[in-house]
2 protein chains.
Amino acid sequence: MRALLCNPLHSKIGGMALEHAILVSLLEKPGSGYELARRFERSIGYFWTATHQQIYRVLKRMENDGWVRAREVPQQGRPDKREYSVADLGHAALSSWLHEPIEPESVRHDLAVKIRGAAFDDPAGLVREVERHRRAHTDRLAHYLAGEERDFPPVPDDGTPPDAERELQHVVLRGGIAYERMMIAWLDDVLATLRGF
Amino acid sequence: MRALLCNPLHSKIGGMALEHAILVSLLEKPGSGYELARRFERSIGYFWTATHQQIYRVLKRMENDGWVRAREVPQQGRPDKREYSVADLGHAALSSWLHEPIEPESVRHDLAVKIRGAAFDDPAGLVREVERHRRAHTDRLAHYLAGEERDFPPVPDDGTPPDAERELQHVVLRGGIAYERMMIAWLDDVLATLRGF
DNA sequence: ATCGGCATGTAAACGGTTACATGATTTA
DNA sequence: TAAATCATGTAACCGTTTACATGCCGAT
């Protein structure tokens with residue numbers, strides 16, 4: 001018996017958000033592939049990682065699809081660059097992605113696997129590794145807090161209308177801060193547990 | 001000029017933790033591919049997802065490598081199954097993975113991309129989506145809390161030595177609980193921000 | 001009879017990672 | 001003169017996702 005083909009037209013639901021992350025970043029500010037790669041090591045990169053190879057490949061595809069436009073920018077003292085900005089098609093693609101629901105993300109949490117695995121090996125041996133992770137998270141927290149102070153100083157409410165772009169960047173950053181604080185507290189819990197053996 | 005080959009012997013640092021998640025799960029309790037797939041929808045699956053196709057493929061590779069052993073188990077009223085358990089080589093592989101450091105995981109956070117993208121579309125239109133996510137997280141929290149009550153009831157300290165396997169499973173579950181609580185609080189923050197426009 | 005659960009797979013497409021590659025300019 | 005930064009790629013590999021596929025059993 002033949003199986004039914006049941007997906008007529010709609011291509012790839014979910015997944016593949018790199019395009020969208022790039023669109024958002026280019027809407028916030030146009031830039032070259034190189035500049036995007038830099039941003040993916042900072043702001044945007046805190047919740048979506050990508051390497052320059054990936055970015056160049058995807059950028060090329062997006063240009064072919066008419067999602068972005070490139071402009072040659074001659075520079076002095078530096079190689080020329082191709083500055084990308086979002087075209088109407090790209091803006092529309094982002095908009096339709098924003099309107100389709102995505103599944104609450106499935107987690108990949110190596111450290112949790114390690115912690116449960118430690119029961120069959122050497123629990124105390126994991127302490128150093130967990131401490132390393134705790135340090136990484138306190139570093140990131142400090143970095144986020146510094147960024148918050150720098151970019152989002154408290155403003156007295158003077159009736160000026162809120163800037164959506166800015167407010168939304170801030171609430172995402174607050175999410176990062178909450179995440180790091182939660183992780184640090186949890187890793188303390190893990191350390192206390194490991195040291196109990 | 002020729003580039004130097006600079007990785008002599010060690011294959012793939014990082015990545016590829018599915019093997020290790022399977023090893024941990026099989027150490028906790030031997031089982032068939034099908035049973036593992038079930039577990040990856042529950043307990044272990046809360047911090048590492050995998051489909052049955054992936055599991056069967058990896059299981060076969062692990063069997064070839066001598067990491068796991070299969071035992072044919074005839075069943076009545078059901079198809080026979082191949083029950084896997086961890087071999088010495090697998091235990092050793094897990095142990096060496098546990099001892100090598102891993103990078104604190106890089107996050108992939110679709111929703112954060114959406115939230116920043118909403119500034120260029122319709123911020124208010126995201127409210128329903130964020131509410132959906134909030135509901136998913138409260139459901140998962142309730143589920144975790146029920147599991148905690150069921151599997152980890154409070155025990156008066158009567159001097160019996162702590163069970164590492166159990167304690168470590170519990171601390172991982174507490175991590176899941178802390179994560180869901182953090183997410184719910186943050187999503188409330190996001191909703192308040194979105195409603196402010 | 002059909003549906004859901006048990007049980008095990010193959011194959012294609014896609015996304016991400018790593019290694020390799022080039023070449024200019026500024027700074028130490 | 002060496003290292004770091006700017007700038008842009010190609011190729012191979014590997015892991016993940018999705019679609020397709022089979023067949024038995026028990027319950028409704």
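Numbered from 1 within each chain, the chains take letters A, B, ... in sequence-line order. Only a predicted model underlies this, so the values are computations on that prediction, with no experimental measurement involved.
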| DNA chain D stem ranges, 3 or more consecutive Watson-Crick or G-U pairs under 3.5 angstrom | C:1-28 with D:1-28
Answer yes or no: is there an ion pair linking [X] with [Y], defined by an N-O contact shorter than 4.0 Å?
X         : Y         : answer
Glu35(A)  : Lys29(A)  : no
Lys60(A)  : Glu63(A)  : no
Arg195(B) : Glu131(B) : yes
Arg39(B)  : Glu28(B)  : no
Arg82(A)  : Glu72(A)  : yes

| Tyr46(B) ring center within less than 6.0 Å of His143(B) ring center | yes
Given atom [atom1] of [X] and atom [atom2] of [N], what is their separation to the nearest angstrom?
X        : N       : atom1 : atom2 : value
Trp48(B) : dT17(D) : CH2   : C1'   : 15 Å
Gln76(A) : dT25(C) : CD    : C1'   : 13 Å
Ile22(A) : dG15(C) : CD1   : P     : 12 Å
Gln54(A) : dC20(C) : CD    : C1'   : 17 Å
Arg61(B) : dT8(C)  : CZ    : P     : 18 Å
Leu36(B) : dT8(C)  : CG    : P     : 10 Å
Glu19(B) : dC14(D) : CD    : C1'   : 11 Å
Arg71(B) : dA7(C)  : CZ    : P     : 14 Å

| For every nucleotide of nucleotides 5-10 of chain D, 5' to 3': is a protein heavy atom under 4.0 Å from its base (B), only from its sugar-phosphate (S), or from neither (-)? | SBBBBB
| query | Is the shortest heavy-atom distance from the side chain of Val68(A) to the side chain of Leu23(A) under 4.5 Å? | reply | yes
| request: Report yes or no: is the cationic atom of Arg38(A) (NZ for Lys, CZ for Arg) under 6.0 Å from the centre of the six-membered ring of Tyr34(A), at an angle within 45° of the ring normal? | output: yes
| task | Scan side-chain atoms only and decide if Asp110(B) and His20(A) contain a donor-acceptor pair under the 3.5 Å cut-off. | result | no
